[in-house]
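Numbered from 1 within each chain, the chains take letters A, B, ... in sequence-line order.
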Amino acid sequence: MKQEIPFTFDGVPMTGRVGDTVASALHAAGVMKLSSSIKRHRPRGFYCAIGNCSSCHMIVDGKSNVKTCVTPLRAGMKVETQTGKGVVR
Amino acid sequence: MIAKELVVIGGGPAGLCAAIAAAESGSRVLILDRSARLGGQLIKQTHKFFGSENQYAKTRGFDIAKILLSRVDTFADLIEIWVEATVVALYPDKVLTVVQDGKYIKIQAKAIVVAAGASEKFLAFENNDLPGVYGAGAVQTLMNVYGVRPADRVLMVGSGNIGLIVSYQLMQAGVKVAAIVEAAPRIGGYKVHASKIARLGVPILTSTTVLRAVGETCVKQAVTVKLDPAWKPIPGTESVHDVDAICVAVGLTPLTSLLAMAGAMTSYIPELGGYAPILTDEHESTLADVFVAGDAAGVEEASSAMVEGRLAGLCAAKRLGYPHADFDDIVSECHAQLAGLRNGPFGCKTCAGIAKMREVRDHAR
Ligand SMILES: Cc1cc2nc3c(=O)[nH]c(=O)nc-3n(C[C@H](O)[C@H](O)[C@H](O)COP(=O)(O)OP(=O)(O)OC[C@H]3O[C@@H](n4cnc5c(N)ncnc54)[C@H](O)[C@@H]3O)c2cc1C
Ligand code: FES
């Protein structure tokens with residue numbers, strides 16, 4: 001078994017594994033909706049998994065529009081569902 | 001601003017071969033890749049490759065990546081590597097903007113090889129934005145790179161080699177493939193792959209497409225429909241599949257956004273996957289000293305991407321004043337290898353695309 005990496009998703013503690021990206025860890029944990037669309041707030045999951053399509057944007061450690069499919073998971077990351085375009089904090 | 005000699009955008013098979021060839025010639029090289037690992041699409045390919053021995057046929061994709069990376073390692077004094085470094089802008093004066101670790105870094109290059117690969121095409125159907133509608137490459141990445149089971153039951157859309165290979169790998173991972181649908185009247189990929197899948201009991205439905213995805217927050221079902229010879233849905237032929245994912249494998253298109261931004265000429269060439277750059281026989285774009293190789297130059301295969309990378313790397317190094325001792329011999333060998341690779345039934349499509357590209361090029365002169 002690979003080493004576990006703790007993180008939170010919308011405040012809920014979760015674990016991923018060494019080598020995971022944020023999106024792969026969430027998918028393994030059964031989370032498919034990562035954000036909602038800009039106008040009609042429809043649920044969005046990932047699409048390409050290699051950083052091309054921007055379908056996987058989430059808020060990571062307070063930063064919006066992070067491409068979670070190419071962002072390696074790191075211990076203690078705070079991952080949140082993004083609504084719309086995201087905000088600059 | 002940081003000054004560099006040759007900058008290679010993308011560390012897939014094309015970019016790695018370009019870097020190796022340029023370093024062999026004596027040039028310093030910087031490889032930039034947005035992901036954490038080099039190797040591009042190769043790292044998710046667990047199947048053995050077709051093609052010629054020269055391009056590691058019968059070797060698994062991820063093993064080819066290992067071979068190329070160990071070659072890169074032997075040039076540690078000349079080749080510098082930045083990972084998690086995304087090129088977000090390219091300007092006509094060969095200045096690049098790179099985002100790494102939340103910081104914007106400007107680089108002035110003397111020459112550039114764009115080897116950014118391709119992106120998956122999308123398909124228009126109702127509810128195609130639901131989570132659970134994935135590119136075939138994404139599903140392959142999830143299971144083969146991260147070891148995560150992508151879904152329980154999948155509908156595959158597209159019967160080209162990617163659709164067929166990914167279907168097979170899904171079954172190996174214990175995922176049920178409900179069916180493979182293909183809008184054309186015949187199967188697109190190699191027969192060996194199709195037969196292997198058919199033997200495992202997966203129906204390959206030709207003249208059939210996906211009509212809509214069903215679900216509120218994620219995919220619960222897929223509705224498919226038969227198509228008439230004019231590719232129009234035939235009413236009354238709908239069928240419902242209980243699946244939790246729809247995999248879209250309808251081809252790739254070259255990633256030419258950076259080239260277009262810098263003002264390099266591109267043209268719509270369907271045989272090459274969409275908008276493709278106009279290139280010289282040395283793989284130089286219409287911007288001086290900016291070369292293009294691999295899927296970014298026209299969607300093809302890893303085998304040809306490696307040869308194109310080698311060619312572009314050699315020519316870029318020569319331009320910088322580092323001609324390889326055997327330049328002429330290697331260049332003609334590369335051209336011969338490319339011609340050989342494009343000799344098969346699938347290669348003729350590429351050849352037609354390249355012929356169109358040359359026509360546009362010669363017309364523009
Ligand atoms: C399922 C599947 C099966 C396949 N099977 C075969 C086969 O059997 N035989 C075969 O020969 N080929 C096969 N191929 C095709 C082959 O994988 C591709 O043609 C090949 O990988 C293209 O190489 P490339 O170097 O041009 O691009 P890629 O491998 O896509 O590499 C591009 C690299 O550029 C990076 N990049 C992109 N944009 C940026 C940017 N802005 N900044 C920084 N970095 C960036 C990416 O992260 C990536 O690492 C298959 C492909 C798939 C999807
Ligand atoms: S899923 Fe396409 S960019 Fe992340």
Side-chain angles (χ1 to χ4, degrees), chain A residues 1-5 14-58 60-74 77 81-82 88-89, chain B residues 10 12 33-37 39-41 43-44 83-88 99 101-102 116-123 127-152 215-220 244-248 252-253 255 257:
Chain A
M1 197 62 196
K2 285 196 205 163
Q3 202 190 321
E4 294 195 332
I5 304 180
M14 288 196 171
T15 50
R17 291 177 306 163
V18 169
D20 262 329
T21 57
V22 173
S24 72
L26 286 171
H27 194 86
V31 177
M32 300 179 70
K33 182 190 162 190
L34 309 178
S35 65
S36 38
S37 68
I38 293 173
K39 262 197 188 151
R40 301 180 52 205
H41 304 290
R42 288 170 60 88
R44 286 281 190 273
F46 68 84
Y47 181 70
C48 73
I50 54 168
N52 279 338
C53 74
S54 303
S55 184
C56 62
H57 278 173
M58 297 182 82
V60 177
D61 290 335
K63 223 166 63 183
S64 297
N65 299 318
V66 173
K67 282 184 181 175
T68 52
C69 71
V70 284
T71 303
L73 183 70
R74 297 199 169 101
M77 263 182 175
T81 305
Q82 178 172 325
V88 180
R89 290 189 197 163
Chain B
D33 201 293
R34 67 174 166 215
S35 57
R37 258 169 87 182
Q41 308 317 310
I43 60 172
K44 61 189 181 200
V83 289
E84 290 182 60
T86 306
V87 181
V88 292
V99 177
D101 206 9
S119 78
E120 266 179 299
K121 287 185 188 166
F122 203 42
L123 198 63
N127 285 333
N128 65 359
D129 60 342
L130 274 183
V133 178
Y134 303 131
V139 159
Q140 196 189 30
T141 304
L142 208 61
M143 70 183 165
N144 294 353
V145 180
Y146 303 113
V148 174
R149 185 187 166 92
D152 292 325
E216 284 297 317
T217 53
C218 58
V219 173
K220 295 261 190 274
D244 57 349
I246 298 172
C247 246
V248 182
L252 298 145
T253 187
L255 268 181
S257 40

**OP:** Give me the contact list for residues 44-55 of chain A versus chain B, heavy atoms only, anything under 4.5 Å, ordered by residue number.
**Re:** Arg44(A), Gly45(A), Phe46(A), Tyr47(A), Cys48(A), Ala49(A), Ile50(A), Gly51(A), Asn52(A)

**OP:** Under 4.5 Å heavy-atom distance to chain A, tell me which part of Asn128(B) shows up: side chain, backbone, both or neither.
**Re:** neither

**OP:** Just give me the residue among Gly135(B), Gly147(B), Gly137(B) that pairs up with chain A most often, heavy atom to heavy atom, under 4.5 Å.
**Re:** Gly135(B)

Subject >> Nearest atoms (heavy-atom pairs only) where Pro131(B) meets Met32(A) >> reply: CB-O, 3.6 Å

Original post:
Minimum heavy-atom separation for Val139(B) to Pro150(B), with atom names?
Top reply: CG1-CG, 3.7 Å

Subject >> Minimal non-hydrogen separation, Ser35(A) against Thr81(A), with atom names >> reply: CA-CG2, 4.0 Å

Original post:
Any idea which of Val145(B), Val148(B), Thr217(B) has the most non-hydrogen atom pairs under 4.5 angstrom with chain A?
Top reply: Val148(B)

**OP:** Can you tell which part of Ala118(B) gets under 4.5 Å to a heavy atom of chain A, answering side chain, backbone, both or neither?
**Re:** backbone

**OP:** Please identify each residue that fulfils side chain to side chain contact (heavy atoms under 4.5 Å, CB included) with Thr15(A), with sequence neighbours left out.
**Re:** Glu4(A)

Original post:
Does the pair Glu84(B) and Asp101(B) meet the rule for a side-chain contact (heavy atoms from CB on, under 4.5 Å), with working shown?
Top reply: CA-CA 8 Å; Glu84(B) 290 182 60; Asp101(B) 206 9; over 6 Å; no

Original post:
Can you find a side-chain donor-acceptor pair between Thr141(B) and Lys44(B) that sits under 3.5 Å?
Top reply: yes

Original post:
Which answer fits Ser119(B), side chain, backbone, both or neither, if we ask what part of it has an atom under 4.5 Å from a heavy atom of chain A?
Top reply: both

**OP:** Report the C-alpha separation of Met77(A) and Asp61(A) in whole Å, then their side-chain angles, then the decisive distance to 0.1 Å, and conclude whether the side-chain contact (heavy atoms from CB on, under 4.5 Å) test is met.
**Re:** CA-CA 6 Å; Met77(A) 263 182 175; Asp61(A) 290 335; 3.8 Å; yes

Original post:
Which atom pair, heavy atoms only, marks the closest approach of Leu130(B) to Pro43(A)?
Top reply: CD2-CG, 4.3 Å

Subject >> Contacts of type side chain to side chain contact (heavy atoms under 4.5 Å, CB included), residue Ala29(A), not counting sequence neighbours >> reply: Met14(A)

**OP:** Measure distances from Val248(B) to the heavy atoms of chain A and classify the residue's part below 4.5 Å as side chain, backbone, both or neither.
**Re:** both

Original post:
Which region of Glu216(B), side chain (C-beta onward) or backbone (N, CA, C, O), has a non-hydrogen atom less than 4.5 Å from a non-hydrogen atom of chain A, or is it both or neither?
Top reply: backbone

Original post:
Any side-chain heavy atom of Lys67(A) within less than 4.5 Å of one from His57(A)?
Top reply: yes

Original post:
Hey, which residues of residues 18-28 of chain A are touching chain B, say heavy atoms under 4.5 Å apart?
Top reply: Gly19(A), Asp20(A), Thr21(A), Ser24(A), His27(A), Ala28(A)

Original post:
Ile5(A) and Leu73(A): which non-hydrogen atoms are nearest, and at how many Å?
Top reply: CD1-O, 3.8 Å

**OP:** Say whether, by atom type as modelled, one donor and one acceptor occur between the side chain of Ser36(A) and the main chain of His41(A) under 3.5 angstrom.
**Re:** no

Original post:
Between Glu120(B) and Ala136(B), what is the shortest heavy-atom contact and its length?
Top reply: OE2-N, 2.9 Å

